[in-house]
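Taking it in order: structure first as structure tokens, then the write-up.
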Amino acid sequence: MSSTVLPPYEGTRVTEEPPENYITAGHTVKSWLLTGDHKRIALLYLFSTAFFFFLGSIAAGLVRIELTRPNGVMLESETYNKMFTAHGVTMIFFFLIPAIPAIFGNFLLPIMIGARDLAFPRLNLFSWYLYMTSGVMLLIVLCLGGVDSGWTFYTPYSSMYSNSQVTLTILAAFIAGFSSISTAVNFIATVHKMRAPGMTWFRLPLFVWSHYATSVIIVLGTPVVAITLFLVVLERTFKLGIFSPELGGDPVLFQHLFWFYSHPAVYIMILPAFGVISELFAAFSRRKIFGYHFIAFSSLAIAALGFLVWGHHMFVSSQSMYQGVVFSLLSFLVAVPSAIKVFNWTATMYKGQVHMRTPFLFALGFIGLFTVGGLTGLFLSSMGTDMHLTNTYFVVAHFHYVMVGGTILGFLGALHYWWPKMFGVMYNEFWGRMSALLVFVGFNVTFLPQFVVGYMGMPRRYHYYYFAPEFQVYNILSTAGASVLAVGFALPVFYLTSSIRKGVKAGANPWGAHGLEWEIPSPPPTANFDRIPIVTDDVYDYESDARRPNIEMIESRTPEQLASTKETH
Amino acid sequence: MASVAHDHPEGLHHQFEDIEQQNETYLVGMWSFLVSEIMFFGALFMIYILYRWKYQPDFYLAHKSLDVMWGGVNTTILLISSFAMVMAVHAAELKKRMNVLKWLTLVQLCAVAFLFIKFTFEWPAKAHHGFVPGVNFSPDPHYLQEMGMQALNVRPAEIFFSLYFGMTGFHALHIIVGILMIGVLMKMWAKKHPLVIHDYIPTELIGLYWHFVDLVWIFLFPLFYLIPN
Ligand code: HEM
Ligand SMILES: [Cu+2]
């Protein structure tokens, strides 16, 4: 996006002494912990969510090891329950929900719309402190012996019977919810009122649209689950009867309220990844995204429809058949906007100049895996098949295909695409591709067998399967795949950190991509822009500008050429 | 048009270009926050509706123990406070500092009176009759007799009172937060803080919040105190 203030392709690689940027702007610990800069807060989130991802992975690893033998390997049944709960709670509330919005949304949203910061910087910092508070509470829970109710906290088990740390876990989730709400309010106000002159709604990058839709869902849904979980705590501590049948309450009401949030919450997790994938397809196909308006509005359609399908998690919970039919139908409808996106992304590649760089490999992986995840969602939304598949490993495989194959691949794509922007350096491309390959292969080896074994009837959340030893081969495959996957996830830690020390300087626009974030230096200065830019061209406007260099041209430039390109503008 | 960061006027934060943008952004932020508040209370109202549907006769009986007189007084008090808040915002627009302070004082008085009535006349009476939900929930039989509530079933009654204490308590919490925020606002007006003196929007934002809290009570009052048979 060109602007009157900044020439379009200025300085693809900075040759003179770099100006002060947001990282070098302060060196004290205090300058990080009390910062209002959205970019620094994004980095705080990057390290903290990465930590919780690591924690959640360890729990997953233990679950996988345990399942390699029909009689278990080393965990007690009780500990096993605590492990899968620790895994689910950590991954969902502490990684998948916050990761993309709080890291990349935080970092990029103001820059993409041409603003100096989010609307409420102190609220933004506050949201990180809320997140950390709840994170510390989660660590305390784990030290005190963990929690065994599953991430869904179904009543009356959670509210009356469980002897584990349900109360503290729920309070942690409650506080994490406020952290999301703060971020969402911040995004909504920023997108509405802080767009640069000329940045109309339909010039917004799709990344911004999808974060906007996500924020709307967070604002509408999170309060409901927060209050519901809080009532579980009240029932547990004061024996108020709300959800427990013994006390006259209705346990299914809990499920309704829980899924009223938690189905939309799956879109809170996936929509930001959709935004990332849109950016990646445009940048690495060097084409205007196909069907921009369809993708933008399908995000809003998902946000709206997503609130009407929660009952598909409750087909077997005494819900009436007619209710089931309606929820089933609506669930089929919600797959339509997701499919629209997938078709538009793939159509973007047609006649494009496709560059198979690391971020784009993750994006292609996303398409494959998310499609499988979404289609198997339809098996589960049909009441007849769900009767057989519910509570089996088929469901586990379904949601891992969408959450890992979708959200985490989107996360990794974003990390590799904007890493040069965030830190000003390029990472090693070979190892990046290796990681993408290992994640894709490892993921499929882990979760494809789970569809099969789930279809054969292996229930989820069971400790043993000695009653059906034929499940073992699938479980061993799955554990083997998980090890490959772990290597794929661990690799970036090494090559990305080493890139900070010895990586090639990236320059403002290492991908030759289009967008305001690529017009400011890498890493960006604290104020983002010297002057607020005036946006004059369309979003993803690759074709109309033949001078725009592509990735190969940028990489093959010598420092002298770079210096001369600078002068011509 | 683009301006540079350092010539920002007083009270304008660095991320905004001018005061209009800042004000409008604040308003959008406040409204988004209020939408999430609506969903908070919305979930509770939903639970209320379902249980009232399921246990209609018991809810009718249980509501007899609520004091319509005090509830009505409190409703009136909150309506007065909303009016005072409207006047305070109006005075802020006209930049009449003393009037703002006067009207905000009235809002505070109303708010405190509301809490006082709730916590000294209403809640203790319920506790006295054994209506506090939880392990000690045991309505006093003499009282039930006296009020014609003998047919009341214990479990539904407990749900009624869980919701009563939960929802009015959550509302009271909002009143307390409001009192604190209005306190800060008054202090800023008293000290002629540039943020509030130059512009009425901060006062307006707190006004919005306050009207929202009053509005919630306008729903709570009939739902709990005025249940028809
Ligand atoms: C294409 C649209 C989708 C449809 C039609 C769909 C359908 C379903 C259905 C019917 C179930 C319940 C299965 C059962 O318990 O018997 C389910 C479970 C689940 N889905 Fe999806 N889904 C879709 C997309 C997603 C996405 C995008 C995510 C996350 C990013 C997701 C995450 C989950 C999770 C976490 C569960 C399991 C919840 C639990 O019981 O722990 N789904 N899905
Ligand atoms: Cu769902």
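Below, chains carry the letters A, B, ... as their sequence lines are ordered, and counting in each starts from 1.
Neither the backbone nor the side chain of A/E235 comes within contact range of chain B, judged by heavy atoms closer than 4.5 Å. Contact annotation for A/F178: only side-chain heavy atoms (C-beta onward) come within less than 4.5 Å of a heavy atom of chain B. For B/Y51, the part lying under 4.5 angstrom from a heavy atom of chain A is the side chain only. Residue contact with chain B, scored on non-hydrogen atoms closer than 4.5 Å, is absent for A/P110. In this structure, chain B has a heavy atom under 4.5 Å from the side chain of A/L253, while its backbone stays farther away. Contact annotation for A/F230: neither backbone nor side-chain heavy atoms come within less than 4.5 Å of a heavy atom of chain B. With a 4.5 Å cut-off on non-hydrogen atoms, B/F41 does not touch chain A at all. Only the side chain of A/I181 comes within contact range of chain B, judged by heavy atoms closer than 4.5 Å. In this structure, chain B has heavy atoms under 4.5 Å from both the backbone and the side chain of A/A119. Residue contact with chain B, scored on non-hydrogen atoms closer than 4.5 Å, involves the side chain of A/L257 exclusively. Proximity to chain A (any heavy atom under 4.5 Å) is restricted, for B/E158, to the side chain, taken from C-beta onward. Both the backbone and the side chain of A/D250 come within contact range of chain B, with heavy atoms under 4.5 Å apart. Proximity to chain A is absent for every atom of B/F165, based on heavy atoms less than 4.5 angstrom apart.
Comparing A/I188, A/D117, A/L240 by heavy-atom pairs within less than 4.5 Å of chain B, the highest count is held by A/L240. Among the candidates B/S36, B/G29, B/S32, the residue making the largest number of heavy-atom pairs closer than 4.5 Å to chain A is B/S36. Comparing A/L231, A/V219, A/V216, A/L234 by how many heavy-atom pairs each has under 4.5 Å with chain B, the most go to A/V219. In terms of heavy-atom pairs under 4.5 angstrom with chain A, the leader among B/G42, B/G166, B/P156, B/P133 is B/P133. Ranked by heavy-atom pairs shorter than 4.5 Å toward chain A, the options B/V154, B/I159, B/L163 are led by B/I159.
Checked against a 6.0 Å centroid threshold, the rings of A/W201 and A/H192 count as neighbours. Residues B/H174 and B/F170 bring their aromatic ring centres within 6.0 Å. When ring centroids are compared, B/F219 and B/H171 stay outside the 6.0 Å threshold.
Applying ring-ring contact (aromatic ring centres under 6.0 Å, His included) to A/H313 and the options A/Y261, A/F260, A/W259 leaves one that passes, A/W259. Among the candidates A/D37, A/N186, A/N106, the single residue satisfying the side-chain hydrogen bond (donor to acceptor under 3.5 Å, both in side chains) test with A/N124 is A/N106.
The closest donor-acceptor contact from the side chain of A/S179 to the backbone of A/I175 lies at 3.5 Å or more, if one exists at all. With A/R40 contributing its side chain and A/S31 its backbone, the two residues share a donor-acceptor pair below 3.5 Å.
Atom CD of B/E24 is separated from atom NZ of A/K193 by 4.0 Å, given to the nearest 0.5 angstrom.
The number of heavy atoms from other shown groups lying within 6.0 Å of CH2 (B/W31) does not exceed 12.
Between the side chains of A/W310 and A/S262, not a single donor N or O lies within less than 3.5 Å of an accepting N or O.
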- Query: Stepwise, does the ring-ring contact (aromatic ring centres under 6.0 Å, His included) test hold for B/F160 with B/F131?
  - Reply: CA-CA 10 Å; B/F160 177 86; B/F131 285 133; 8.8 Å; no

